[in-house]
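So you know, we letter chains A, B, ... as the sequences are listed, proteins then strands, and number each from 1.
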Number of protein chains: 2
Amino acid sequence: MPRTQSGGQPTIVSIAERAEVSIASVSRVLNGLGARRDTVERVERAAAELGYVPNAVARSLKDGRTRQLTFAMPDIGNPVYVAMVRAIQSVTKAAGYRLLLHSTDAVVDDELAVLRSLGDRTSDGLVICPIRITDEHVEALRTAAGPVVVIGSLPDDVPVDSVRADSVAGAALAVRHLHETGRRRIAFVNGPPDTVPGRNRDEGFRTAMAECGLVYDDALVVHTDFGIDSGAEAAERLLADDASRPDAVFCANDQLALGVARALHSRGLRIPEDVAVAGMDDSLLAQAGWPPLTSVDLGSTERGRHAAELLLERLRTPDGTHPLAPRTSTAPPRLVVRASTAPTAVNS
Amino acid sequence: MPRTQSGGQPTIVSIAERAEVSIASVSRVLNGLGARRDTVERVERAAAELGYVPNAVARSLKDGRTRQLTFAMPDIGNPVYVAMVRAIQSVTKAAGYRLLLHSTDAVVDDELAVLRSLGDRTSDGLVICPIRITDEHVEALRTAAGPVVVIGSLPDDVPVDSVRADSVAGAALAVRHLHETGRRRIAFVNGPPDTVPGRNRDEGFRTAMAECGLVYDDALVVHTDFGIDSGAEAAERLLADDASRPDAVFCANDQLALGVARALHSRGLRIPEDVAVAGMDDSLLAQAGWPPLTSVDLGSTERGRHAAELLLERLRTPDGTHPLAPRTSTAPPRLVVRASTAPTAVNS
DNA sequence: CGGGTTTCTGTAAACGTTTCCGGCAGCTGG
DNA sequence: CCAGCTGCCGGAAACGTTTACAGAAACCCG
């Protein structure tokens with residue numbers, strides 16, 4: 001029975017005893033530093049025989065880094081965040097970091113708690129995707145105990161890296177596309193207006209409508225929660241009055257769009273012949289339904305990847321030198337046209 | 001400028017100096033153990049002024065637990081695993097554990113690495129969802145350095161908690177449903193046959209077909225990868241010959257089913273009038289398409305939740321006493337009927 | 001063979017906690 | 001007034017590593 005600590009796991013001490021050398025030598029051999037041939041062999045044999053695995057916690061304590069990163073987002077149920085997790089995971093994995101996932105359930109206090117918990121040294125850095133940016137967020141970001149990258153739009157004077165989507169331009173892309181394919185009564189199903197994405201999409205919609213010479217008609221704009229069922233309900237409201245029926249519905253995300261599509265189908269309306277539907281995010285859902293959904297890709301994958309890269313870069317540069325200036329980048333939106341907005345004979 | 005360690009973060013030592021007490025007292029106060037009123041106040045004030053946050057790494061080293069759990073699954077892109085992550089996350093969060101996410105990309109060596117890495121004490125326990133169970137898996141599970149719960153089917157003699165889906169029964173539910181609603185030529189689009197789910201679904205399909213007095217026709221069975229595009233391709237193959245066209249397609253997951261649906265739509269075939277389609281997993285995708293998809297819920301959420309609970313329970317019971325016997329549970333499948341398999345006038 | 005250089009090794013400190021233990025002060029009761 | 005408590009406190013050890021430092025061994029060369 002090998003001599004081990006109470007925990008049961010072999011430690012560097014068990015190896016030292018078995019190989020009859022000091023713990024310093026064990027550590028050196030295990031880390032590939034110089035040692036006599038004989039010592040190397042004895043240590044390696046002992047380590048193998050005991051099935052030694054270095055204790056990552058002890059190592060972290062010693063050198064002040066955990067090789068863990070945290071990603072905090074509102075809800076893993078939303079495909080957009082899944083895309084981000086996926087991208088971030090693949091970057092961090094390649095760099096030898098583990099990924100800690102934190103679901104904030106879109107609760108502001110939870111987001112703040114995550115920011116403050118950077119101080120507990122549980123992870124070396126944080127990518128956070130807040131649903132809202134309050135003054136408290138700004139304050140917490142300023143005083144963060146470690147490097148942070150925000151996915152979302154920050155006030156300019158907050159000295160933190162950020163990666164944003166251009167949903168204003170994205171919404172405009174969709175509206176112009178609908179206009180160009182002959183649609184004139186364009187409805188808009190948006191998410192909650194008090195979130196950053198919600199506000200931006202609204203802004204994009206308004207400006208693009210104006211650009212196209214179309215009037216912003218309150219009766220054709222619905223605010224609701226993100227989610228398929230919400231989309232269906234919103235569509236019901238828009239379709240209540242047959243006379244003023246829209247010939248296109250632009251939705252603030254794909255889930256809403258699928259909800260709208262469902263409502264249209266169950267009323268016997270055809271997509272795109274009677275009503276065109278466009279979504280946003282170009283998530284895997286866009287290709288799931290029928291007809292396949294035109295959607296504006298806001299670059300979730302790209303943003304996730306880039307956020308992770310910024311964070312890693314910041315971790316690589318020693319804090320002592322002139323600190324890296326905060327960087328902000330914007331992922332360009334991309335319109336992905338599919339069948340749900342095909343022009344109809346009569347329209348085009 | 002408060003006196004702090006080189007790292008910059010205040011520690012228990014900084015507080016002790018500022019409050020003019022020993023570090024032992026600081027620790028006691030911070031952990032709510034007894035102390036004189038005066039001491040408590042001084043320590044708490046000093047801690048607040050310095051913005052002290054306890055170092056989780058040091059604490060972990062001391063008491064041998066990290067308050068982190070790991071979940072390893074093949075691919076976060078698959079909605080089934082998203083459901084699991086979500087369920088696990090919510091359980092672990094409630095219990096005060098952080099969640100470490102590990103994507104194995106369905107490569108066996110990666111799964112094994114995760115199992116072995118339990119020894120580095122980075123997390124207190126592991127929920128793993130392997131795509132295959134090899135002898136090496138079994139060996140790694142036997143010698144795991146910490147508690148593990150497997151989501152999937154294990155050989156009976158492996159002493160590890162597991163939570164399994166009953167995809168045999170699940171497939172049978174779907175087939176019987178299709179048969180009862182008048183379908184007779186039932187095709188089957190399955191995933192890779194060398195995975196556990198693939199094999200089980202095949203078995204379920206075969207037995208149910210036999211039960212219903214239908215013949216298993218090789219020409220109506222396609223094996224492919226899981227994924228929407230694979231489903232579409234599979235459907236193309238099944239539909240190539242008009243004469244032998246199936247009147248129902250059962251798919252091993254929702255993505256395949258959506259792919260099949262797409263192929264059917266683009267050939268102008270109607271669902272469910274011409275061909276019924278059923279999927280599996282009842283993921284969020286099932287409600288995304290049109291018509292909404294009949295699907296067999298294999299309880300991903302349930303399994304994730306239960307796996308997490310088993311793990312937590314095992315963590316709570318001290319290892320010294322009689323060890324908990326390994327437990328195995330099976331989530332019952334549930335058929336969710338939607339429009340995609342509605343009986344047609346001529347059939348029913 | 002001895003002095004200097006090089007290589008290797010062991011001792012000990014450090015990372016930031018928690019906790020055991022001995023001791024001191026204050027109190028109570030005889 | 002003292003023995004015995006009780007309640008707090010500080011010193012020190014421990015968790016498992018890495019690493020600075022100093023000493024020992026080996027080697028080279030004159």
Item to check | B/L115 and its side-chain contact (heavy atoms from CB on, under 4.5 Å) partner, picked from B/V150, B/D110, B/V148 | outcome: B/V148

Item to check | Nearest-nucleotide pick for B/T39, side chain only, options being D/dT19, D/dC8, C/dT19 | outcome: D/dC8

Next on the checklist: Any base atoms under 4.0 Å from A/S25, or only sugar-phosphate, or nothing? Heavy atoms, all strands.
Outcome noted: sugar-phosphate

Next on the checklist: Rounding to an integer number of Å, can you tell me how far B/D120 CG sits from D/dG16 C1'?
Outcome noted: 13 Å

Item to check | B/M84 side chain reached by B/C129 side chain, heavy atoms, under 4.5 Å | outcome: yes

Next on the checklist: Is it the case that the side chains of B/S123 and B/T66 hold a donor-acceptor pair, with the cut-off being a distance below 3.5 Å and no angle test?
Outcome noted: no

Checklist entry - Among the nucleotides C/dT17, D/dT19, D/dG16, which one has an atom lying closest to any side-chain atom of A/S27? => result D/dT19

Checklist entry - Which is it for A/D124 and A/R67 under the salt bridge (Lys or Arg N to Asp or Glu O under 4.0 Å) test, yes or no, and what are the steps along the way? => result CA-CA 6 Å; A/D124 297 341; A/R67 299 201 146 279; over 6 Å; no

Checklist entry - Can A/R65 and A/D63 be counted as an ion pair, charged N to O under 4.0 angstrom? => result no

Checklist entry - D/dC15 C1' sits how many Å from A/Q9 CD, rounded? => result 14 Å

Item to check | Atom-to-atom span, CD1 of A/I15 to P of D/dT18 - whole angstrom | outcome: 10 Å

Checklist outcome for this item: To the nearest angstrom, the CG-C1' distance between B/L50 and C/dG16 comes to 15 Å

Item to check | Residues from residues 57-66 of chain B lying under 4.0 Å of DNA chain C - heavy atoms | outcome: B/A58, B/R59, B/K62

Next on the checklist: Expressed as a whole number of angstroms, how long is the span from B/L30:CG to C/dT19:P?
Outcome noted: 13 Å

Checklist entry - Please give, in whole Å, the distance from D/dC8 P to B/R42 CZ? => result 15 Å

Checklist entry - How many angstroms lie between CG in A/L99 and OG in A/S90, if you round to the nearest 0.5 Å? => result 10.5 Å

Next on the checklist: Tell me the interatomic distance from B/E41, atom CD, to D/dC9, atom C1', rounded to whole angstroms.
Outcome noted: 17 Å

Checklist outcome for this item: Taken to the nearest whole Å, CD/B/E20 to P/D/dG10 is 11 Å

Checklist entry - Just checking A/A24: base, sugar-phosphate only, or nothing, at a heavy-atom cut-off of under 4.0 Å? => result base

Item to check | First of B/V21 and A/L33 reached from the 5' end of DNA chain D, by closest nucleotide | outcome: B/V21

Checklist outcome for this item: Assert: residue with more 5' nearest nucleotide on DNA chain D, out of A/I12 and A/R28, is A/I12

Item to check | Pairing of A/K93 and B/D105 as salt bridge, 4.0 angstrom limit | outcome: yes

Checklist outcome for this item: Looking only at D/dC8, C/dT19, D/dT18, the nucleotide nearest the A/I23 side chain is D/dT18

Next on the checklist: Side chain of B/N31, heavy atoms from C-beta onward: which of D/dT18, C/dT18, C/dT9 has the nearest atom to it?
Outcome noted: C/dT18

Checklist entry - Using a cut-off of less than 4.0 Å, is there contact between a side-chain N or O of A/T11 and OP1 or OP2 of D/dG16? => result no

